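Below, all heavy atoms of this structure are taken into account, side chains as well, without hydrogens, waters or symmetry copies. Nothing here was measured: the structure is a model prediction, and the numbers come from that model.
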Amino acid sequence: MLLHLVVALFCATAFLFSIAGAEDPYRFFNWNVTYGDIYPLGVRQTGILINGQFPGPDIHSVTNDNLIINVYNSLDEPFLLSWNGIQQRRNSFEDGVYGTTCPIPPGKNFTYILQVKDQIGSFYYFPSLAFHKAAGGFGGIRILSRPRIPVPFPDPAGDYTVLIGDWYKSNHTDLKAHLDGGNKLPFPDGILINGRGPGGASFNVEQGKTYRLRISNVGLQNSLNFRIQNHRLTLVEVEGTHTLQTSYSSIDLHLGQSCSVLFTADQPAQDYYIVVSSRFTNLVNTTTATLRYSNSAGPVSGPPPGGPTIQIDWSLNQARSIRTNLTASGARPNPQGSYHYGLINTTRTIRLANSAGQINGKQRYAVNSVSFVPADTPETCRLFPNWRSFSHWKHIR
């Protein structure tokens with residue numbers, strides 16, 4: 001009898017430990033979206049904050065996690081968040097773009113339910129209505145591999161989100177009115193790194209260790225070039241796909257793109273420039289941050305390192321050099337098969353061309369000469385039986 005009791009207690013204890021050690025597939029977030037004063041380029045302007053933060057908080061998750069994100073809209077106009085790169089499988093209504101997701105009315109909330117099913121990598125979220133992106137409301141998303149899935153490089157000593165983007169000193173409402181007046185956007189006033197202007201951001205490292213940077217171009221107009229003074233960048237991931245590990249002196253990121261690079265703090269202990277500059281522009285916008293060694297012997301010195309400016313072939317050649325790592329596991333273990341893409345016959349070629357012009361006196365952009373025109377009511381909202389009684393749709397634009 002005593003033996004049975006001991007065995008029962010042992011089994012119960014083991015069961016409790018198994019519960020305590022089980023992976024939690026749900027992550028909960030409560031966000032309050034507000035206006036607030038921000039000074040990224042030294043002048044006061046109205047920004048969009050999430051829980052008082054500019055940029056917004058990072059989302060940290062693991063493959064297959066369910067993300068429950070309750071967003072309360074404290075603005076005076078409808079608001080939506082979109083999840084750049086997150087695959088919406090049979091739930092496009094969570095994607096957060098006009099036409100598939102009903103905007104969150106002022107003073108109301110909406111709970112996004114997302115699953116990062118079979119995904120890994122670096123992404124970001126941003127507001128998709130009323131040019132809100134020009135005021136903030138964006139933040140990083142990282143999806144880590146499950147512990148049992150091998151990653152094709154050692155764990156870095158640190159893992160940083162780096163949000164880069166061009167920026168204006170004008171409020172988003174003024175910029176939207178400028179566009180609606182039939183004008184194109186002017187040249188940006190500057191470039192931000194993690195919401196800060198020149199010299200405002202810094203990243204701490206220890207000599208001899210390797211770090212991961214998850215870089216996203218969250219800007220409005222310009223492709224950007226990213227580089228670190230005297231340090232090489234090893235590309236390891238592009239938007240959820242492990243790449244062959246190619247080393248670059250700098251890397252181009254076009255609008256909306258995200259990638260991960262590794263670098264080793266292998267230089268003499270001091271501070272170094274992190275530089276971001278505009279690409280393919282007659283005038284070149286440049287901003288800097290600081291890479292700070294823990295045992296630094298002094299501040300940054302000399303001019304910031306230069307990079308490519310208008311050279312299109314440089315960017316194209318770099319893009320062509322990026323290759324998928326077919327031997328690495330992704331969100332699931334590598335099936336150890338080979339992919340015969342070259343053996344697939346091409347039966348149809350679709351060409352997409354961007355264009356810009358005025359429609360009804362407003363500056364608009366198009367793909368293959370077709371420009372998006374908002375419906376009076378988002379299509380998804382028509383699924384509600386009483387959608388005609390909703391009074392706030394007329395304010396969405």
Using a 6.0 Å cut-off, check whether atom [atom1] of [X] has over 12 heavy atoms from anything other than its own residue.
X: Asn368; atom1: CG; result: yes
X: Asn282; atom1: CG; result: no
X: Asn317; atom1: CG; result: yes
X: Ile68; atom1: CD1; result: yes
X: Arg232; atom1: CZ; result: yes

Next on the checklist: So, applying side-chain contact (heavy atoms from CB on, under 4.5 Å) with Pro188, which one of Thr281, Leu41, Asn285 is it?
Outcome noted: Asn285
Should [X] and [Y] be regarded as members of a common hydrophobic cluster, given that ILVMFWY residues are connected when their side-chain heavy atoms come within less than 4.5 Å of each other, either directly or indirectly?
X: Ile193; Y: Ile251; result: yes
X: Leu291; Y: Ile215; result: yes
X: Tyr248; Y: Ile228; result: yes
X: Leu262; Y: Ile164; result: no
X: Val33; Y: Phe29; result: yes

Close side-chain approach of [X] and [Y], heavy atoms under 4.5 Å:
X: Ile141; Y: Asp58; result: no
X: Phe280; Y: Ser315; result: yes
X: Ile69; Y: Phe28; result: no
X: Leu253; Y: Leu224; result: no
X: Asn32; Y: Asn30; result: no
X: Asn230; Y: Tyr273; result: no
X: Lys108; Y: Asn73; result: no
X: Val276; Y: Thr286; result: no

Checklist entry - In Å and rounded to the nearest 0.5 Å, what is the CG to OG1 distance from Asn70 to Thr111? => result 3.5 Å
Item to check | Straight-line distance of Leu192 CG to Asp166 CG, nearest 0.5 Å | outcome: 8.5 Å
Sequence neighbours excluded and cut-off under 3.5 Å, please list the side-chain donor-acceptor pairs for residues 113-125, or say none.
| unit_1 | atom_1 | unit_2 | atom_2 | d |
| --- | --- | --- | --- | --- |
| Gln115 | NE2 | Asn64 | O | 3.1 |
| Asp118 | OD1 | Arg332 | NE | 3.0 |
| Asp118 | OD2 | Arg332 | NE | 3.3 |
| Asp118 | OD2 | Arg332 | NH2 | 2.9 |
| Gln119 | OE1 | Gln87 | N | 2.9 |
| Gln119 | NE2 | Gly85 | O | 3.0 |
| Ser122 | OG | Arg214 | NH1 | 3.0 |
| Ser122 | OG | Glu237 | OE1 | 2.8 |
| Ser122 | OG | Ser260 | OG | 2.9 |
| Tyr125 | OH | Pro57 | O | 2.6 |

For [X] and [Y], which I'm curious about, is there any donor-acceptor pair between the side chains at under 3.5 Å?
X: Asn325; Y: Thr243; answer: no
X: Thr161; Y: Arg142; answer: yes
X: Gln45; Y: Trp167; answer: yes
X: Thr241; Y: Thr324; answer: no
X: Thr246; Y: Arg323; answer: no
X: Ser258; Y: Ser216; answer: yes
X: Gln88; Y: Asn91; answer: yes

Item to check | From CA spacing to verdict: side chain to side chain donor-acceptor pair (under 3.5 Å), Thr264, Thr210 | outcome: CA-CA 4 Å; Thr264 300; Thr210 298; 2.8 Å; yes
Return yes if some donor-acceptor pair links the side-chain N/O of [X] with the main-chain N/O of [Y] below 3.5 Å, else return no.
X: His132; Y: Leu129; answer: yes
X: Lys169; Y: Asp189; answer: no
X: Thr46; Y: Asn171; answer: no
X: Gln358; Y: Gly182; answer: yes
X: His242; Y: Val151; answer: no
X: Ser128; Y: Gly96; answer: yes
X: Asn194; Y: Leu163; answer: yes
X: Asn217; Y: Asn225; answer: no
X: Gln53; Y: Ile50; answer: no
X: Gln318; Y: Leu316; answer: no

Next on the checklist: Among Tyr160, Tyr211, Phe263, exactly one meets ring pair (Phe, Tyr, Trp, His ring centres under 6.0 Å) together with Phe203. Which residue is that?
Outcome noted: Tyr160
Next on the checklist: Ring centroids only, cut at 6.0 angstrom: are Tyr293 and Tyr272 within range, meaning strictly under it?
Outcome noted: yes
Item to check | Aromatic centroids of Tyr112 and Trp83 separated by under 6.0 Å | outcome: yes
Checklist entry - Taking it one step at a time, do Ile322 and Leu235 satisfy side-chain contact (heavy atoms from CB on, under 4.5 Å)? => result CA-CA 8 Å; Ile322 299 173; Leu235 186 68; 3.7 Å; yes
Looking only at heavy atoms, which two atoms of [X] and [Y] are closest? And how far apart?
X: Ser61; Y: Leu67; answer: CB-CD2, 3.8 Å
X: Asn84; Y: Gly256; answer: ND2-O, 3.0 Å
X: Ser301; Y: Gln229; answer: O-NE2, 3.5 Å
X: Ser277; Y: Pro308; answer: OG-O, 4.5 Å

Next on the checklist: For Leu179 and Leu185: C-alpha separation, side-chain torsions, deciding distance, then whether side-chain contact (heavy atoms from CB on, under 4.5 Å) applies.
Outcome noted: CA-CA 7 Å; Leu179 286 170; Leu185 287 175; 3.9 Å; yes
Checklist entry - How would you list all residue pairs meeting salt bridge (Lys or Arg N to Asp or Glu O under 4.0 Å) that involve residues 271-286, not counting sequence neighbours? => result Asp252-Arg279, Asp271-Arg292
Next on the checklist: Walk me through whether Phe372 and Val367 qualify under side-chain contact (heavy atoms from CB on, under 4.5 Å).
Outcome noted: CA-CA 9 Å; Phe372 174 74; Val367 177; over 6 Å; no
Checklist entry - Under the side chain to side chain donor-acceptor pair (under 3.5 Å) criterion, do Asp180 and Gln363 qualify, and how do the steps go? => result CA-CA 6 Å; Asp180 288 343; Gln363 180 65 40; over 6 Å; no
Next on the checklist: Working note: Val218 + Leu255, criterion side-chain contact (heavy atoms from CB on, under 4.5 Å); need CA distance, chi angles, decisive distance, verdict.
Outcome noted: CA-CA 7 Å; Val218 299; Leu255 286 176; over 6 Å; no
